[in-house]
Number of protein chains: 2
Amino acid sequence: MNVLKQKILQVSTDLFQTRGINSTGVDTIVAVAGTTKMTLYKYFETKEELVLAVLQQSHQDFQSWMNDKLGSLNGSPNERIQKLFDFIEEWVTSPSFTGIAFIKASAEFPNEENRIHQLSSQQSREFRQFITKLAQEANIKDAEGLALQLSILFEGAVQAEQIKRGSGAIKSAKKAAKTLIDIATKQS
Amino acid sequence: MNVLKQKILQVSTDLFQTRGINSTGVDTIVAVAGTTKMTLYKYFETKEELVLAVLQQSHQDFQSWMNDKLGSLNGSPNERIQKLFDFIEEWVTSPSFTGIAFIKASAEFPNEENRIHQLSSQQSREFRQFITKLAQEANIKDAEGLALQLSILFEGAVQAEQIKRGSGAIKSAKKAAKTLIDIATKQS
DNA sequence: TTGGGGCTATACAAAACGGTATACATTGCT
DNA sequence: AGCAATGTATACCGTTTTGTATAGCCCCAA
């Protein structure tokens, strides 16, 4: 991908997260990125398209990072789902963490007909399915049920952390997750 | 409170929830409320002030409703905290439910210096303290720890429901809550 | 009847918004 | 050398934004 296009994407991601999507004009984006609107609109047809691209990149970054982390474990499937929230904590407590894009975007575009909302919804579903797979591999009986619970913990903890950084929500969610995983495991 | 002021508040609440705050102009609000901008700006100095008023009213409505529900129980403190998520489910699955205001607002105004964000943060904290009190009355040892977990479940389930209505997140959160409450109770 | 308060109607201001048009500079390839 | 692609600079367009100014209407009370 072109270097300027990537720069625009990265700057947009940062600004959208820290100021909000609707509160960030394209003029601001190009000013921070050190380019002009003409260039931005060469790579992105509309602002909506830019937002969608930002969402996709953010989600892929997170998913890839998590996949790598879990993949490098070389442990049992049971161990992998146990470690899921340790990695989530690592991601969320990183200083560069500014929130999860699809959570904020879905709040800013609540209408279910809206493309941005739809993509957010899809990404939320994808991450839940990802957890479901982990649970299935760990031979958990009600894999979908556990995955839904864990995804709620994830989104709740992220939401809490977005509303107040350093709230300790992640640690708490991690503990709750371990409890729920233990119980679901015993039932299998 | 003046009837027109209340109408403006109610219409604003509805529009902010269904279209987003930044995507809703004051022109739209007064058009739907059947009044004019002059009247709106008579009761609310700025749009920000209106948003803050909407947040306050929404939060108070929810808290009052929940207090009434729990108060009418006449049961043991243990029973009350057990029923908390039943009432949350009742609130969230109501057809008129369009989300929790402070969750959406905090996403739309991510900057912690922003007054709207600060109020959202405060309301989130207030609700957590409310749960803490329930847990303390139920003689739960780590009341704050449990309350934090339950508030994460609450915010996560609401977030999930905002992203996709009828996702079943509330039912799942309710089950998880019962599990966590049981365990916290046994440890007391 | 004569005010005055609450509200409407409408026009306006100044800025910010997304997006486009045009002209020019730079760079690399052939 | 010459061409094409990439990017810059800048001016502009139409719309929408929050917020105000002005003038008039309606109704109730003294």
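Here is the naming used below: chain letters follow the sequence lines, and residue numbers restart at 1 for every chain. Quick caveat: nothing in here was measured; it's all calculated off a predicted structure.
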Notebook entry, point to check: Quick one: B:E45 CD to D:dT18 C1', roughly how many Å, whole number?
Noted result: 14 Å
Check: Can you name the nearest heavy-atom pair linking A:L55 to A:S120, along with the distance?
Finding: CD1-OG, 3.9 Å
Note to self: Please determine whether a side-chain nitrogen of the Lys or Arg among A:E49 and A:R115 lies less than 4.0 Å from a carboxylate oxygen of the Asp or Glu.
What the structure shows: yes
Checklist line | Rounded distance (Å) that lies between atom C1' of C:dG18 and atom CG of B:N22 | finding: 15 Å
Next item on the list: Give B:Y43 one of three labels, base, sugar-phosphate or nothing, depending on what nucleic acid heavy atoms sit under 4.0 Å from its own.
Entry: sugar-phosphate
Check: With side chains defined as the heavy atoms from C-beta onward, is the minimum distance between B:Q63 and B:Q60 less than 4.5 Å?
Finding: no
Note to self: As a test of reading the structure: which of C:dT8, C:dC7, D:dT8 is closest to the side chain of B:T35, going by heavy atoms?
What the structure shows: C:dT8
Note to self: Whole angstroms only, please: what is the CZ-P distance between A:F44 and C:dT20?
What the structure shows: 15 Å
Item checked: Selected nucleotide, minimal atom distance to B:M38 side chain, candidates D:dG19, C:dC7, D:dA21 -> D:dA21
Next item on the list: Return the nearest nucleotide to the side chain of A:T36; candidates are D:dT8, C:dG19, C:dC7.
Entry: D:dT8
Item checked: Residue-phosphate contact under 4.0 Å: B:N2 side-chain N/O, C:dC7 OP1/OP2 -> yes
Note to self: Taking only side-chain N and O atoms of A:K47, does any of them lie within less than 4.0 angstrom of OP1 or OP2 on C:dG18?
What the structure shows: yes
Notebook entry, point to check: How about A:S167 and A:E161: does a side-chain donor come under 3.5 Å of a side-chain acceptor?
Noted result: yes
Margin query: Classify B:S23 by what it touches in the nucleic acid, base, sugar-phosphate, or nothing, heavy-atom distance under 4.0 Å.
Written below: nothing
Notebook entry, point to check: From C:dG19, C:dC7, D:dT18, pick the nucleotide closest to the side chain of A:K37?
Noted result: C:dG19
Next item on the list: Might you point out which heavy atoms bring A:K104 and A:Q17 nearest each other, and give the distance in Å?
Entry: NZ-O, 2.8 Å
Next item on the list: Using whole Å, report how far CD1 of A:I21 lies from P of C:dG18.
Entry: 12 Å
Next item on the list: Provide, to the nearest angstrom, the distance between the CG atom belonging to B:L40 and the P atom belonging to C:dT8.
Entry: 11 Å
Next item on the list: In whole angstrom, give the distance that lies between atom CD1 of B:I8 and atom P of D:dG19.
Entry: 14 Å
Check: Choosing from D:dT20, D:dT17, C:dG18, which nucleotide comes nearest the side chain of B:D27?
Finding: D:dT17
Checklist line | Any A:T39 side-chain nitrogen or oxygen under 4.0 Å from OP1 or OP2 of D:dT6 | finding: no
Margin query: Once you apply a heavy-atom cut-off of 4.0 Å, does B:K42 come out as touching a base, just sugar-phosphate, or nothing?
Written below: sugar-phosphate
